[in-house]
Asker: 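For reference, the structure I am asking about is given below.
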Amino acid sequence: QVQLVESGGGLVQAGGSLRLSCAASGRSISRYAVGWFRQAPGKEREFVAAISSSGGDTYYLDSVKGRFTISRDNAKNTVYLQMNSLKPEDTAVYYCAVRAVVGGRLYGDSGRYDYWGQGTQVTVSS
């Protein structure tokens, strides 16, 4: 089993930055791809970014390209989401998720991920 805990959310003004962390415990996630998703009130959960096990491959939602950066530190069993130039439409609960399958490509489909955290709230004021 893998337990995931997100942190780093909060309230920020438009144009500001936040860095989210996803800390894993239970077992190493170094062999697995990890994704970030978000869900705004009244909307479906949406893919944001994903990173391969080595960190060498990344995949982003078009609307966050150039503003968000996903990275990982396998020694710390942690994945990050650096969010810059935040917009009010980025307001949501952000979740990290692990796809517990070795290899393969990166996916934006939430059904491909096996373990989920509880989420952290990000609120961007205008």
Side-chain angles (χ1 to χ4, degrees):
Q1 288 286 347
V2 175
Q3 293 79 42
L4 302 172
V5 177
E6 302 95 336
S7 62
L11 173 64
V12 64
Q13 289 188 330
S17 299
L18 285 173
R19 187 196 197 202
L20 305 184
S21 297
C22 171
S25 61
R27 72 177 198 234
S28 172
I29 61 169
S30 63
R31 296 189 302 159
Y32 304 135
V34 177
W36 282 97
F37 293 77
R38 66 187 181 187
Q39 188 166 19
K43 295 187 177 181
E44 292 187 354
R45 191 167 295 187
E46 175 183 54
F47 167 78
V48 175
I51 189 167
S52 62
S53 57
S54 68
D57 190 20
T58 56
Y59 173 40
Y60 294 94
L61 176 69
D62 283 348
S63 64
V64 308
K65 284 180 182 177
R67 299 190 297 123
F68 291 10
T69 302
I70 189 170
S71 63
R72 66 191 299 160
D73 184 338
N74 284 338
K76 295 182 178 179
N77 224 24
T78 301
V79 175
Y80 305 97
L81 186 67
Q82 177 68 43
M83 305 187 296
N84 298 328
S85 302
L86 282 160
K87 304 175 180 180
E89 51 263 44
D90 294 319
T91 295
V93 177
Y94 283 70
Y95 301 88
C96 64
V98 168
R99 174 169 163 77
V101 173
V102 176
R105 68 178 184 87
L106 297 177
Y107 291 93
D109 177 2
S110 62
R112 296 280 188 172
Y113 291 81
D114 304 291
Y115 299 101
W116 292 81
Q118 293 300 305
T120 185
Q121 175 71 46
V122 171
T123 303
V124 185
S125 63
S126 57

Asker: Taking the side chain as C-beta and beyond, is there a heavy-atom pair between Tyr115 and Gln1 under 4.5 Å?
Answerer: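 They are in side-chain contact.
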Asker: Between Arg38 and Asp90, is any pair of side-chain heavy atoms under 4.5 Å apart?
Answerer: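 A side-chain contact under 4.5 Å exists here.
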Asker: Of all heavy-atom pairs between Ala14 and Ser126, which one has the smallest distance, and what is that distance?
Answerer: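 Nearest pair, atom of Ala14 first, then Ser126: CB-CA, 4.4 Å.
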Asker: Any side-chain heavy atom of Phe68 sitting closer than 4.5 Å to one from Thr58?
Answerer: no
Asker: To the nearest 0.5 Å, what is the distance between CD on Gln39 and OH on Tyr94?
Answerer: 12.0 Å
Asker: Tell me whether Arg67 contacts the main-chain N or O of Ser85 through its side chain, where contact means a donor paired with an acceptor under 3.5 Å.
Answerer: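 At least one qualifying donor-acceptor pair exists.
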Asker: Keeping the roles fixed (side chain from Glu6, backbone from Gly119), state whether a donor-acceptor pair exists under 3.5 Å.
Answerer: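 Confirmed, Glu6 side chain pairs with Gly119 backbone.
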Asker: Sort out for me which residue in Tyr95, Phe47, Phe37, Tyr107 forms a ring pair (Phe, Tyr, Trp, His ring centres under 6.0 Å) with Tyr113.
Answerer: Phe37
Asker: Is the backbone N or O of Gly9 less than 3.5 Å from a side-chain atom of Gln121, with the two atoms forming a donor-acceptor pair by type?
Answerer: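 Side chain of Gln121 to backbone of Gly9, a donor-acceptor pair under 3.5 Å: no, none is there.
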Asker: Indicate if Trp36 and Val2 have the same hydrophobic cluster label, given that clusters are the connected sets of ILVMFWY residues with side-chain heavy-atom separations under 4.5 angstrom.
Answerer: yes
Asker: Do Thr123 and Val12 come within less than 4.5 Å of each other through their side chains, counting heavy atoms only?
Answerer: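 No. Closest side-chain heavy atoms not under 4.5 Å.
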Asker: Contact between Leu61 and Glu46 at the side-chain level, heavy atoms closer than 4.5 Å - yes or no?
Answerer: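 When only atoms from C-beta onward are counted, Glu46 and Leu61 do touch, with a gap below 4.5 Å.
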Asker: Between Asp73 (side chain only) and Val79 (backbone N and O only), is there a donor and an acceptor less than 3.5 Å apart?
Answerer: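 Checking the backbone N and O of Val79 against the side chain of Asp73, no donor-acceptor pair under 3.5 Å is found.
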Asker: Does some side-chain heavy atom of Val102 sit less than 4.5 Å from a side-chain heavy atom of Tyr32?
Answerer: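 Tyr32 vs Val102: side chains touch.
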Asker: State the CG-CZ distance between Asp109 and Arg99, to the nearest 0.5 angstrom.
Answerer: 9.0 Å
Asker: Keeping Thr91 on the side-chain end and Val124 on the backbone end, is there a donor-acceptor pair under 3.5 Å?
Answerer: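 Between the backbone of Val124 and the side chain of Thr91 there is a qualifying donor-acceptor contact (under 3.5 Å).
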Asker: Rounded to the nearest 0.5 Å, what separates atom CE in Met83 from atom OG in Ser17?
Answerer: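 Going from the CE atom of Met83 to the OG atom of Ser17 covers 8.5 Å.
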Asker: As a test of understanding, state which of Tyr80, Tyr60, Tyr59 forms a side-chain contact (heavy atoms from CB on, under 4.5 Å) with Ile70.
Answerer: Tyr60
Asker: Does a sphere of radius 6.0 Å around CZ in Arg27 hold more than 12 heavy atoms from other residues, nucleotides or ligands, not counting ones at 6.0 Å or beyond?
Answerer: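 More than 12 heavy atoms, drawn from other residues, nucleotides or ligands, come within 6.0 Å of this atom.
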Asker: List the steps and the verdict of side chain to side chain contact (heavy atoms under 4.5 Å, CB included) for Val34 and Ile29.
Answerer: CA-CA 8 Å; Val34 177; Ile29 61 169; 4.0 Å; yes
Asker: Shortest non-hydrogen contact from Ser30 to Ser53?
Answerer: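 Looks like O-CB, 3.2 Å.
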Asker: Say you draw a straight line from OG of Ser7 to CD of Gln118; how long is it, rounded to the nearest 0.5 Å?
Answerer: 13.5 Å
Asker: More than 12 heavy atoms of other residues, nucleotides or ligands under 6.0 Å from CD of Glu89: is that the case?
Answerer: yes
Asker: Just by distance, do the side chain of Asn77 and the backbone of Ala24 share a donor-acceptor pair under 3.5 Å?
Answerer: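 It does hold such a pair.
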Asker: Go through Arg72 and Thr78 one step at a time and tell me if the side chain to side chain contact (heavy atoms under 4.5 Å, CB included) criterion holds.
Answerer: CA-CA 6 Å; Arg72 66 191 299 160; Thr78 301; over 6 Å; no
Asker: Could you point out which residue of Leu18, Leu20, Thr120 forms a side-chain contact (heavy atoms from CB on, under 4.5 Å) with Leu81?
Answerer: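 For Leu81, the side-chain contact (heavy atoms from CB on, under 4.5 Å) check succeeds only for Leu20.
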Asker: Do the side chain of Asp57 and the main chain of Leu106 share a donor and acceptor less than 3.5 angstrom apart?
Answerer: no
